[in-house]
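Small disclaimer: the values here were computed from a predicted structure and weren't measured. Residue numbers count from 1 along this sequence. Every heavy atom of this structure was used, including side-chain atoms; hydrogens, water molecules and symmetry mates were not.
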Amino acid sequence: MKTDTSPRPRPYWHVDAKWITGLLLSLVLALTLLTFALVRVTAERPAVDALTMLLAVSFSQNGLDDETEIAEMRRMLEADADGEIQPMPDLAITVRVADLAERTPREIRLAFFRKMAEPLYGGEAAINELAADSETREAMARGGVLSVLSSKTHELLQRALTVLGILSAVLALALIYFSYRFGRLASPGCVLFVAALPGAALFGFLGWAFNPPGPSAGPDSDMTGMLSSLASNVLPPLAQIAAWVFLAAMALGILLIFLSIVGGLVSRRRRASAPAGSAASNTT
């Protein structure tokens with residue numbers, strides 16, 4: 001007597017369900033990866049670095065490496081009895097002689113504007129400690145484009161990521177259930193690769209196109225030159241952080257596809273050699 005050891009055929013509707021689930025998961029996973037990339041970009045360290053550079057380039061009309069404003073600050077410090085000044089009267093940012101010692105103009109500017117960027121990222125409480133009057137506080141709290149890189153935005157993105165992550169996990173489990181044998185590795189792998197490819201291409205291009213940074217805007221630069229300087233100094237680090245999220249997802253997808261191919265080949269080889277060695281055991 002022979003026992004039938006062949007796997008049961010799966011219901012045909014599983015094939016349709018797999019494709020529908022895969023398409024839905026590709027869309028949701030693409031949004032999940034984008035949200036995760038934005039969560040990383042708006043984390044405190046990269047966001048404060050970007051805000052610092054944005055402020056430094058915006059307020060440095062002659063470029064980040066210009067000596068004129070730094071020389072003026074040195075003269076003011078020499079004339080001050082306490083050896084410290086407050087360059088912007090409305091902001092509680094103090095500059096001391098030691099802050100300028102053995103630093104380039106670029107390093108001095110970045111250190112100064114970081115003291116403004118950190119409260120901007122921190123939110124209302126930090127801004128209230130920095131700004132002396134209510135008008136300045138309101139202007140900084142509004143922030144405009146700068147308010148995108150804030151702890152509040154970071155928290156909102158984290159909440160959205162939680163919802164999208166749960167939805168992605170549910171769809172991924174459904175995709176695995178409707179797939180067959182080593183397709184349970186290949187299907188999620190293909191979805192990961194497809195979902196991550198557009199983001200990897202976009203952010204990879206942005207990181208490459210503006211890197212290395214171009215020259216800082218000079219005194220004769222127009223608005224186009226200023227925007228170009230801002231883009232070339234701020235975009236590459238943020239784009240590279242985001243690109244790594246998508247590249248990691250693509251790598252995981254390729255790994256799953258590779259494992260499914262290897263597993264399928266090994267399984268076929270075993271099934272091909274099984275009848276000769278197991279014929280006796282299958283007959284009673």
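Heavy-atom minimum distance, Ala195 versus Ser26: CB-O, 3.6 Å. Here the closest non-hydrogen pair linking Phe182 and Ser267 is CE1-CB, 3.7 Å. In this structure, Ser260 and Ala186 approach most closely via the heavy-atom pair OG-CB, 3.4 Å. Between Ala239 and Gly207 the shortest heavy-atom distance is CB-N, 3.6 Å. Of all heavy-atom pairs between Leu175 and Thr21, the closest is N-CG2, 3.7 Å. Considering every non-hydrogen atom in both Tyr121 and Leu149, the closest pair reads CD1-O, 3.6 Å.
In the hydrophobic clustering of this structure, Leu256 does not group with Leu265; members are Ile, Leu, Val, Met, Phe, Trp, Tyr whose side-chain heavy atoms approach within less than 4.5 Å, directly or through other members. Under the 4.5 Å side-chain heavy-atom criterion for grouping Ile, Leu, Val, Met, Phe, Trp and Tyr, Leu34 is not connected to Phe193 through any hydrophobic cluster. Put simply, Ile241 and Trp244 are part of two different groups of oily side chains (I, L, V, M, F, W, Y) that touch within less than 4.5 Å, one to the next.
Without hydrogens or angle criteria, Lys115 side chain to Thr94 main chain gives a donor-acceptor distance under 3.5 Å. For Gln240 (side chain) and Pro237 (main-chain N/O), no donor-acceptor pair under 3.5 Å exists by modelled atom type.
Taking the side chain as every heavy atom from C-beta outward, Leu192 and Met250 never approach each other to under 4.5 Å. Under the 4.5 Å side-chain criterion, counting only non-hydrogen atoms from C-beta, Met73 is not in contact with Glu69. Between Arg109 and Ile70 the shortest side-chain heavy-atom distance falls below 4.5 Å. The shortest distance between side-chain heavy atoms of Met53 and Leu64 falls below 4.5 Å. In this structure the side chain of Leu38 never reaches within 4.5 angstrom of the side chain of Thr153, judged on heavy atoms. Annotation: side chain of Ile257 is in contact with side chain of Cys190 (closest heavy-atom distance under 4.5 Å).
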Sequence neighbours excluded and cut-off under 3.5 Å, please list the side-chain donor-acceptor pairs for residues 165-172, or say none.
{"unit_1": "Ser168", "atom_1": "OG", "unit_2": "Thr32", "atom_2": "OG1", "d": "2.9"}
{"unit_1": "Ser168", "atom_1": "OG", "unit_2": "Leu164", "atom_2": "O", "d": "2.9"}

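Contacts of Thr52 classified as side chain to side chain donor-acceptor pair (under 3.5 Å), with partners at least two apart in sequence or in another chain: none. Val266 is linked by a side-chain contact (heavy atoms from CB on, under 4.5 Å) to Val262, Arg270, counting only residues two or more places apart in sequence or in another chain.
Within a 6.0 Å sphere centred on CD of Glu44, other residues, nucleotides and ligands contribute 12 heavy atoms or fewer.
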- May I have the step-by-step check of side chain to side chain contact (heavy atoms under 4.5 Å, CB included) for Phe113 and Met116, ending in yes or no? CA-CA 5 Å; Phe113 286 106; Met116 189 188 302; 4.1 Å; yes
